[in-house]
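This report concerns only the one structure given below.
Note: hydrogens, waters and symmetry copies are ignored here, and every other heavy atom, side chains too, is used. Here is how names work: the chains are called A, B, and so on, in the same order as the sequence lines, proteins then strands, and each is numbered from 1.
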Protein chains: 2
Amino acid sequence: MAQNCRFAFAVHVLSSLALSEDGAMNSEQLAETVNTNPVVIRRLLLDLREANLLITQRGPGGGAKLACPSSQISLAQIFKAVSGEFQLFGEHPNEPAKGCCVGRSIKLVLEDVAQKAARCVEKEYAAISLADVVHQLQEK
Amino acid sequence: MAQNCRFAFAVHVLSSLALSEDGAMNSEQLAETVNTNPVVIRRLLLDLREANLLITQRGPGGGAKLACPSSQISLAQIFKAVSGEFQLFGEHPNEPAKGCCVGRSIKLVLEDVAQKAARCVEKEYAAISLADVVHQLQEK
DNA sequence: GCTTAGGTAACTGAGTTTGTTACAAATTGA
DNA sequence: TCAATTTGTAACAAACTCAGTTACCTAAGC
């Protein structure tokens, strides 16, 4: 799995956009709230735009804003947009010994096991919307 | 989460032990079937022993063998033994801006979200035993 | 055409991970 | 007691990932 923080940053960015006054913020403002570099934010925005979660605008007064209401964006969509597929553990990197029956099939079985975890998490995250997150943020 | 392959190696090693004739194999034999270095295997064995999943024995004729029947070892136990807690994505590494309401609480909310995924995967993996894996290996 | 802001390439430094060598410690059996 | 075997462990190397950074190009608005 990804142990990078792109998902965390993405949720932060999208929440900020959802809560901003006119719905738009530029990469410098977003970088400030996340406490990172504007380029890191822009790289993230590209992936989120690719997934049709937000719209970017160049030039003066530009920036990013949500492409749809926060209730229509799920954490599963956000995760996939910035981290690719759900992946809980790293693959078996080596070619296991063909001789024994374990080496012959272990990769297939592990793939199966990985898919079970992925489906389970995806289902869980598909049920949580950005609006839910924003709501929790306002409560705390 | 862990994008390392320790879990994959661990399942491979434990399956090999479960299927071996007298139930015991040394680190060199295990390294051969996994196609890696004996020291990598030994480091893994230490964690698995720590979790009471297997027993190691030094000296001539030594090696490792399962501490209990494969039906009593779950993938959840194996995962925790070698990869620590279930963790799907990396934490927010920076201290977010305190000024805005997002920065103030985003970490708490994300922690909540991460726990939901962790519990969900743990439940899934607790239901799969090493015996199930071995059975699948023999079928394929 | 000047200014602003996103798009993008290239590089750095830190951290992680597997693999490797080397050796100490324990165990067995002669 | 001694020699052989095997785990335990430290130390290091090479590859990889990742966030951060600088610099510059491109597009849009005034």
- Item | Along DNA chain C (nearest heavy atom to each residue), the more 5'-positioned of V39(A) and G61(A) |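 Taking each residue's closest nucleotide, the earlier one in sequence belongs to G61(A).
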Ignoring backbone atoms, establish whether [X] has a side-chain N or O less than 4.0 Å from OP1 or OP2 of [N].
X	N	answer
N94(A)	dT18(C)	no
S27(A)	dA5(C)	no
Q57(B)	dT28(C)	yes
T56(A)	dG7(C)	yes
T36(A)	dA19(D)	no

- Donor-acceptor contact present, side-chain T33(B) to main-chain L30(B), <3.5 Å: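 Side chain of T33(B) to backbone of L30(B): a pair is present.
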- Look only at the side chain of N94(A) and the backbone of N35(B), and say whether a donor-acceptor pair between them is shorter than 3.5 Å.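 Between the backbone of N35(B) and the side chain of N94(A) there is a qualifying donor-acceptor contact (under 3.5 Å).
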- Item | Rounded interatomic separation in angstrom, taking CG from N37(A) and P from dT12(C) |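 Spelled out: CG on N37(A) to P on dT12(C) is 17 Å.
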- Item | Value in whole Å for how far the P atom of dT5(D) lies from CE of M25(B) |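 Atom CE in M25(B) sits about 19 Å away from atom P in dT5(D).
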- Message: Just to be sure I understand the rule, does E28(B) reach a base, reach only the sugar-phosphate, or reach nothing, if contact means heavy atoms closer than 4.0 Å?
- Response: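 Here E28(B) touches no strand at all.
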- Task: Compute the angle between the rotation axes at the two ends of the helix from dG1(C)-dC30(D) to dA30(C)-dT1(D), each taken over five pairs, rounded to 10 degrees.
- Result: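 What I find for the helix from dG1(C)-dC30(D) to dA30(C)-dT1(D) is an axis angle of 20°.
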Identify all pairs in which a protein N or O lies below 3.5 Å from an N or O of nucleotides 24-26 of chain D, and state each distance.
from    : atom 1 : to     : atom 2 : distance (Å)
dT26(D) : O2     : R58(A) : NH1    : 2.8

- Query: Does the distance from a Lys or Arg side-chain N to an Asp or Glu carboxylate O, for R119(B) and E124(A), drop under 4.0 Å?
  - Reply: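 Looking at E124(A) together with R119(B), the answer is no, because their closest N to O distance does not fall below 4.0 Å.
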- Message: I need the residues from residues 43-54 of chain A with at least one non-hydrogen atom less than 4.0 Å from DNA chain C; give them sorted by number, or say none.
- Response: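 R43(A), L46(A), R49(A), in order of number.
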- Minimum side-chain heavy-atom gap E122(A)-K80(A) below 4.5 Å: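 Heavy-atom side-chain distance check passes, below 4.5 Å.
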- If you check every side-chain atom of R6(B), which of dT8(C), dT3(C), dT18(C) has the closest atom?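 Of dT8(C), dT3(C), dT18(C), dT18(C) is nearest to the side chain of R6(B).
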